[in-house]
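Both backbone and side-chain heavy atoms feed into the values below; hydrogens, waters and symmetry mates do not. Throughout, protein chains are lettered first and strands after them, A, B, ... in sequence-line order, and every chain is numbered starting at 1.
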2 protein chains.
Amino acid sequence: MSEAKTVESRPYHHGDLRRALVDAARRLLEAEGPSALSLRAVAREAGVSPAAPYHHFKDKAELLDAVAQEGWDILDTQMMEAKRDADGPHQLTALGIAYVCFARDNPALYRVMYDAARDKEMLPDDVQKNEDSAYCQVRNTMIAQGANPANETHLELATIAAWCAAHGLAEMAGFKQFEHLKEELGGERQFLEAVLEHVGLFTSAHREC
Amino acid sequence: MSEAKTVESRPYHHGDLRRALVDAARRLLEAEGPSALSLRAVAREAGVSPAAPYHHFKDKAELLDAVAQEGWDILDTQMMEAKRDADGPHQLTALGIAYVCFARDNPALYRVMYDAARDKEMLPDDVQKNEDSAYCQVRNTMIAQGANPANETHLELATIAAWCAAHGLAEMAGFKQFEHLKEELGGERQFLEAVLEHVGLFTSAHREC
DNA sequence: TTCATATCTGAGCGCTGTACAGATATCTTG
DNA sequence: CAAGATATCTGTACAGCGCTCAGATATGAA
């Protein structure tokens, strides 16, 4: 309470508690990691009572869904930028690298995103519906690089294969077992590129992360 | 208490509480899913007080580590069998399919395995040390299929790439988004094979799951 | 100005992981 | 076989969790 910001749209008491809660959650997530992300801690961080969030989210999972959605949006944006900055034949790898780098730079957020997905056994709906989504960007880039858009099934399988490889690498690139390889190859980026190159769907690229 | 089984090795009061706790955990995991796997529930299932587990495990994470270790052992065995039952050129895909099928058939256990890995930011040590581990089986199979064992780095990168793709597919194969593809391709197995084939490192195989 | 409604608080329930003192069973030593 | 050391297990307790609900409070509509 107290610090009611002078925003023009202040629907009710707090201003926009829903927004404030999601922001508080992301702050906590970055500072303390996923295990510290309790509903009560988020409420505390936002300066409200433990019961307040329940007027904006049905339960904890729904709050985390909102946090995860922001993660997907950021991922979409970063991949769009990566694709824009790469030339044609290197765009697919640029997308792959951007994906893995997003996970590396936002490990807690990435985990929240996939914890929600695993619980629901599905990715967010608009991953396949929104044409600007990371998923659709990969699909469209495959078409641009010569895949036959008419063979819908083949195209989708290739997209899924690339997505799976990128997700696996995103989750495991930070594992201690692979540190010696990063040193040997002269850096993390070289390691990521080398692994993606072995996947076959990707080709070598020259774009900083 | 009470039902002291007539085992020859009964070190102390319970018999082998450590063993009983891990078994209870796996029973709970299968019956109720990962979210029901509380230390207290495990103790309850094993018929002991909530504090009893602390004489065998430092904390909850250490109990889950023991559960996860059993998962890795089972995975090793199943992949060994899959490799044995496949002819040379199809062994790598057979390993990949076996990996994904293990995750499909033991989703809760697979999740415990990788939750622990993500927390520690590493796979279990013997994944790379034990020559019979799933990881080493993949590596050795790549050698058998023509990879140059002298080029250690290249070999390791290819193994990691295959592992990442398999892990990504293992986590996402059950997602609702891909159900229509499974139908279209005539079954889950066809879908899994098709995706792995797109990864490039794998080739088509003919082995039931 | 009055009233309905959306928002937030405070207290409370049953659950969790973990700590600790005390009881009990087993192993070891004489 | 007796006695003390030690490992094992119980009971109780504490703080924190997700979530519920009755009641207080601020807002928008009449």
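A centroid separation of 6.0 Å or more is found between the aromatic rings of Phe202(B) and Trp163(B). Aromatic rings of His167(B) and Tyr99(B) (six-membered ring for Trp) have centroids beyond the 6.0 Å cut-off, not under it.
Here His55(B) does not reach the OP1 or OP2 of dT10(D): none of its side-chain N or O atoms lies under 4.0 Å away. Residue His56(B) places no side-chain N or O under 4.0 Å from the OP1 or OP2 atom of dA7(D).
Salt-bridge check for Glu70(A) with Arg19(A): passed, with a basic side-chain N closer than 4.0 Å to an acidic carboxylate O. Salt bridge annotation for Lys129(B)-Asp126(B): absent, with no cationic side-chain nitrogen under 4.0 angstrom from a carboxylate oxygen.
For the residue pair Leu201(B) and His198(A), the shortest heavy atom distance occurs at CG-O, 3.4 Å. Of all heavy-atom pairs between Pro124(B) and Gln177(A), the closest is O-NE2, 3.5 Å.
Glu152(B) pairs by the side-chain contact (heavy atoms from CB on, under 4.5 Å) definition with Glu156(B), not counting sequence neighbours.
Phe102(A) contributes atom CZ, which lies 6.5 Å from atom CD of Gln78(A) (distance to the nearest 0.5 angstrom).
With rounding to whole Å, Leu21(B) atom CG is found 11 Å from dC9(D) atom C1'. In this entry the distance linking CG of Leu17(A) with C1' of dA26(D) reads 14 Å, nearest Å.
Axis deviation across the helix from dT1(C)-dA30(D) to dG30(C)-dC1(D) amounts to 10°, comparing end segments of five pairs, rounded to 10 degrees.
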Any protein N or O atoms within reach of nucleotides 14-18 of chain C? Criterion: under 3.5 Å, listing atom names and distances.
unit_1, atom_1, unit_2, atom_2, d
dT16(C), OP1, Ser38(B), OG, 2.9
dT16(C), OP2, Arg44(B), NH2, 2.7
dG17(C), OP1, Leu39(B), N, 2.7
dG17(C), OP1, Lys60(B), NZ, 3.2
dG17(C), OP2, Leu39(B), N, 3.0
dG17(C), OP2, Arg40(B), N, 3.0
dG17(C), N7, Arg40(B), NH1, 2.5
dG17(C), O6, Arg40(B), NH1, 2.7
dT18(C), OP2, Tyr54(B), OH, 3.0
dT18(C), OP2, Lys60(B), N, 2.9
dT18(C), O5', Tyr54(B), OH, 3.1
dT18(C), O4, Arg40(B), NH1, 3.1

